[in-house]
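The structure under discussion appears below in the form of structure tokens.
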Amino acid sequence: MSTSASPVPALSIRIDLDPEGRIGPGKIQLLENIQATGSISAAGRAMEMSYKRAWDLVDELNRICGQAAVERQTGGKNGGGAILTPFGENLVSRYRAIEKAAAVAARKELLALKKDIKRKAR
């Protein structure tokens, strides 16, 4: 089996909710990281961004969606943390479903594009 086969080109989905509000792979990954780590700062570090940048993105998401996707937790033995709200969990799930449906719908054209690019490169 050949390991030199190049992968199929992939889509990156950005949803423009309005001229100032966008949801894309970075914000969704941040939400997934918050869900996995229970922390905005740890989620940001995993993406090599500052806590301020991570918090700004969370704040932007909450603002453009008109409801909280993330809630901060206070107290506890190790201090506070953060969790996704039911809306935030649904946002991630819906985005991933849209992403998957778009990839399935575009697969034939992406394979054709890959062939066209290989043909030009020769």
Side-chain angles (χ1 to χ4, degrees):
M1 183 173 188
S2 173
T3 58
S4 64
S6 60
V8 174
L11 292 178
S12 177
I13 303 296
R14 183 184 82 187
I15 301 169
D16 297 329
L17 297 174
D18 63 43
E20 301 300 315
R22 297 171 182 85
I23 298 172
K27 288 177 183 155
I28 295 300
Q29 183 63 57
L30 180 62
L31 291 179
E32 289 172 330
N33 288 351
I34 291 168
Q35 188 170 36
T37 64
S39 163
I40 294 171
S41 58
R45 276 194 307 274
M47 298 175 73
E48 298 183 353
M49 70 174 71
S50 69
Y51 172 79
K52 180 176 179 350
R53 176 71 178 141
W55 176 248
D56 286 347
L57 289 173
V58 166
D59 192 44
E60 181 181 338
L61 264 172
N62 291 345
R63 182 185 49 77
I64 63 178
C65 292
Q67 57 188 307
V70 174
E71 285 181 347
R72 291 201 287 187
Q73 304 279 279
T74 57
K77 180 178 151 192
N78 298 317
I83 60 168
L84 295 190
T85 63
F87 169 75
E89 291 175 357
N90 189 53
L91 179 63
V92 169
S93 178
R94 190 168 309 281
Y95 177 88
R96 292 301 185 199
I98 290 167
E99 186 178 56
K100 185 176 182 179
V104 168
R107 183 165 174 75
K108 179 180 170 188
E109 293 300 326
L110 289 171
L111 288 169
L113 176 63
K114 180 181 174 183
K115 280 185 178 179
D116 290 347
I117 291 170
K118 275 189 174 179
R119 211 172 324 175
K120 267 297 208 200
R122 291 180 183 187

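Scored by the salt bridge (charged side-chain N to carboxylate O under 4.0 Å, His left out) test, R94 finds no partners at all (sequence neighbours excluded). The side chain to side chain donor-acceptor pair (under 3.5 Å) test applied to E89 returns no partner, not counting sequence neighbours.
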Item to complete: Go through the steps to decide whether V92 and E32 satisfy the test side-chain contact (heavy atoms from CB on, under 4.5 Å), and finish with yes or no.
Response: CA-CA 7 Å; V92 169; E32 289 172 330; 3.6 Å; yes
Discussion item. M47 vs N33, test: side-chain contact (heavy atoms from CB on, under 4.5 Å). Steps then yes/no.
Written reply: CA-CA 9 Å; M47 298 175 73; N33 288 351; 3.2 Å; yes
Worksheet entry | Test side-chain contact (heavy atoms from CB on, under 4.5 Å) applied to I13 and I15, step by step | CA-CA 6 Å; I13 303 296; I15 301 169; 4.1 Å; yes
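The structure places OG1 of T85 at 6.0 Å from CD of E71, a figure rounded to the nearest 0.5 Å. Taken to the nearest 0.5 Å, the CG atom of L57 stands 10.5 Å off from the CD1 atom of I40. Taking CD1 of I28 as the reference point, atom CD1 of I23 lies at 6.0 Å (rounded to 0.5 Å). Annotation: the span from S41 atom OG to I34 atom CD1 amounts to 9.5 Å, rounded to 0.5 Å. Considering CD of Q35 and CG of L30, their distance stands at 12.0 Å, rounded to 0.5 Å. Taken to the nearest 0.5 Å, the CE atom of M49 stands 10.5 Å off from the CG atom of D56.
Between V70 and A82 the shortest heavy-atom distance is CG1-CB, 3.9 Å. Taking all atoms of both residues into account, the shortest heavy-atom contact from A54 to G44 is CB-CA, 4.0 Å. Closest non-hydrogen pair, P9 versus K114, comes out as CD-CB, 3.8 Å. Taking every heavy atom of both residues into account, G88 and L31 meet most closely at O-CD1, 4.5 Å.
At least one side-chain heavy atom of Q73 sits less than 4.5 Å from a side-chain heavy atom of I83.
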Would you mind writing out the side-chain donor-acceptor pairs for residues 58-69 within the sub-3.5 Å range, not counting sequence neighbours?
residue: E60; atom: OE2; partner: K27; partner atom: NZ; Å: 2.8
residue: N62; atom: OD1; partner: A69; partner atom: N; Å: 2.6

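Using a 4.0 Å cut-off between charged side-chain N and carboxylate O, D16 and R14 make a salt bridge.
Under a cut-off of 6.0 angstrom, the local environment of CZ in R107 is sparse, with at most 12 non-hydrogen atoms contributed by other residues, nucleotides or ligands.
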